[in-house]
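A, B, ... follow the sequence lines: proteins, then strands. Residue 1 opens every chain.
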Amino acid sequence: MSVIAFILLGSVVLLPAAALWALRWAAAAGQFRCPDKAALLPFDESEPVGIETDCILGGNRR
Amino acid sequence: MIHQSQTLRALLPGDTGAEGGQKTALAEIDASCRVPVLFFFISGLAWLLAGTVLALVASIKLHTPGFLAGWEWLTFSNVRTAHLNTVIYGFASQISVGVSVWLMCRLCRIPLPAPGLVTVANLFYNLGVTVGVAGILIGDSTAIEWLEMPRYATPILFFSYALIAVWTIITFRLRAERHLYVSQWYLLAAVLWFPWLYGTAQVMLLIEPVRGVVQAAVNWWFAHNVLGLWFTPIGLASIYYFIPKVIGRPIHSYYLSVLGFWSLALFYNWNGMHHLVGGPLPAWMITISIVASVMMLIPVITVAINHHFTMVGHFGKMRHSPTLRFIVFGAFSYTLASLQGVASALRSVSEVTHFTHHTIAHAHLGMYAFFTMVMFGAMYYILPRITQREWPSNGLISLHFWGVALGILLYVVPMSVMGFIQGTRLNDPTIRFLDVVQFTLPWLQLRTLAGLLLAAGHAAFVVNVGWLLVRMFEPYRKPVVRILTGEAESLAAGK
Amino acid sequence: MSHSKDPSKDTSRAASGLDRGEQHDVTELHAAVLREKPDPVEGFEPVNLWVVAGIAGLLFWGGAYLTQYSGRFEAMEFSEIPHGKPAPVAAVAADPLAAVKREGMLTYNAVCALCHGEDGAGKAGVAPPLAGSDWVNADGPNRLMRIVRHGLKGTVKVNKDVTWNPANDPSIVMGSQWEAIGASNEKLAAVLTYIRSSWGNTGAPVTAPMVADGLAPVKERSGDDNWTQEELLKVPASGAGAPAVAAGPATPEQLKAQFEALPADQRQALLKELSK
């Protein structure tokens, strides 16, 4: 079998398998369970929701 | 000022309050990213400058063929190819890696593990791009679009990609925050998709080439999916992080973001062969690609709705935050580029626009107006945090934004229109080919003007970054321009 | 926090943003991390039903398009025309020769125009004009087809008064264009028809049988053996034992052969004409 055949087989079998595995893992690990929590992940106690963090320009324009 | 002082107090030695702990945690993560991320940013920007110069030379040559005609290694085909490879592999990919490394650490909530791995990957990466671009200029190009780098350069690049992928998986395994944010989905997928794309295309086109028309199919699949499965996910990951972070408001709907990610993963990979409409491929292959292109409306519209409704009521904040300006510009361009892409995948449109400057305008709308702008925005956020210095010049930030924003508008809009007219004229047998070429000339000159605006913006940004780096090595002193402290703080507090 | 006073009461300290014992650099170092203000928390929107409906509509369109244009997923099906629709027939233009002229123009622009110009004006010192040329507008195409078939060298007089290549420079020569135009009587006829009907020229159209008959006497001549003006002028411009299609009564066999020698679109046009 040529290298090509290996690659094609690998792509056809392994990739969808990997995608399905990732989907299953995500569901099993509860990644889809509490989206409200997930949406808050960029924030923490020191930079909570409601805090603007990149206010650079226009300060002298007031 | 009260607020600021209270927060500052938390930073004092001996304070173990939860807030102070968190702040230092963020600062610690940022500091741990400093060396590897700076390596990627600095070398990426150096390649941006090189790519800008090459782009200008190529653009001028299109309307003034005699320009630099005496230099055989600067023929149009060499320069144009070198431009593509420097900006894609040298600039965009390196900034992507820098941004995704920082985002991964922030979202996994751990200081950067194995910094040596990232730094070594960066060194190899730059070696690979240097060898590859030099190879193109001396005439060793493989003549396969997006894979022009000669064979002796690609193993170095592949090794570097592999290191990045390994590092990302290590970081993911070590993460302190178990729950994944949508940005992490995109980043993880992108770092695994890209070596797979690159490896598959290398083997099927260069190492053991497949036959005839199959090569065309593989080539377009690769070229299109580098955009869709490498740059797009990293761009979207950045947008999903920075918009909420800057305006301090969570993403509008997390459900939509999950839907957007999985539909992108499902549909994008089928794209690419819609560029071969009318070509000698079995009809079903082209048709499937067209359908998949149109199905891309699903992730695009969900992402657009999500970003728009997150931003609603906060657009005014773009005045104060360079990050937000660039990111929102990029997010908007993403929607536009995708809609244009969907339209030009349709057979009736493709027949007119495909072999014209319309396609080139579309590529720049996607790679520049969307992706590069988002990366600029991300760098405006990341650089002050990892260097722990403020941006030295307000004016340079404005110059950068307006230079590149107007530049890319002046590039994309006229070129799209011109490409469409060019296509209708090319398809009309009663119009002589030379007349069509003549017709494009003034538009191409306009493009050089747009390129100069972009170059001015890039120069402003690079000067600002260089200034920032000089400050990083100087003993700290008060910034000449006080842009972040006092005044900005009270603005943010709504006073 | 006993070591620091209440900052709201200490205006001088508040103004400088400093606490006691704190260096300037700590303030400035972390300023980027410190920009913040409180704000109410947002809700989490469920997916809008219109979005779901839109996605369903898109998927439906995708299925329909795939069914129509997939070529039944045959490996050898290249047609990008929807199933069940006949292949589009080229519209019969008012000019029955439009298709031939168009084909001739494509060939002319790709091959001949390099020297003779897309406007047929020729190029000084390289090639004589075709527009308004007595050679082109001659009664018949016999000389023209020979020039294209075997090339032309030496001095040429155009329109009786303009002499081309008067010095008889052997490097100025038109080689045989037979291979370049596709080595077929149909192509040659199309090119000549185009040339004879463009840029104000008034020559009659040329058909493939006319070319076949006209070239029959010189079938054996090599493509490297270019004609000269003197040789060509001995050949009658028209006729030469080569009756044109309408030149007189023909046997049914001859007519059939002539009909079959026509390009497909011309045949269709003719059939349409006859069925009226």
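Screening B/I251, B/I239, B/I243, B/L259 against B/N306 for a side-chain contact (heavy atoms from CB on, under 4.5 Å) leaves a single residue, B/I251.
For A/L23, the parts sitting under 4.5 Å from any heavy atom of chain B are the backbone and the side chain alike. For chain A, the nearby parts of B/V246 are the backbone and the side chain; heavy atoms of each come within less than 4.5 Å. Neither the backbone nor the side chain of A/A18 comes within contact range of chain B, judged by heavy atoms closer than 4.5 Å. Contacts of B/L180 with chain A are made by both backbone and side-chain atoms, with heavy-atom separations under 4.5 Å. For a residue to count as touching a neighbouring chain, one of its non-hydrogen atoms must lie under 4.5 Å from one of that chain's; by this rule B/E177 touches chain A with the side chain only.
Within 6.0 Å of CH2 in B/W402 there are 12 or fewer heavy atoms belonging to other residues, nucleotides or ligands.
Taking the six-membered ring for Trp and the full ring otherwise, the centers of B/F461 and B/Y380 sit less than 6.0 Å from each other. For B/W193 and B/W185, the ring centers sit 6.0 Å or farther from each other.
Across all their heavy atoms, B/K245 and A/T53 have their closest contact at O-OG1, 2.9 Å.
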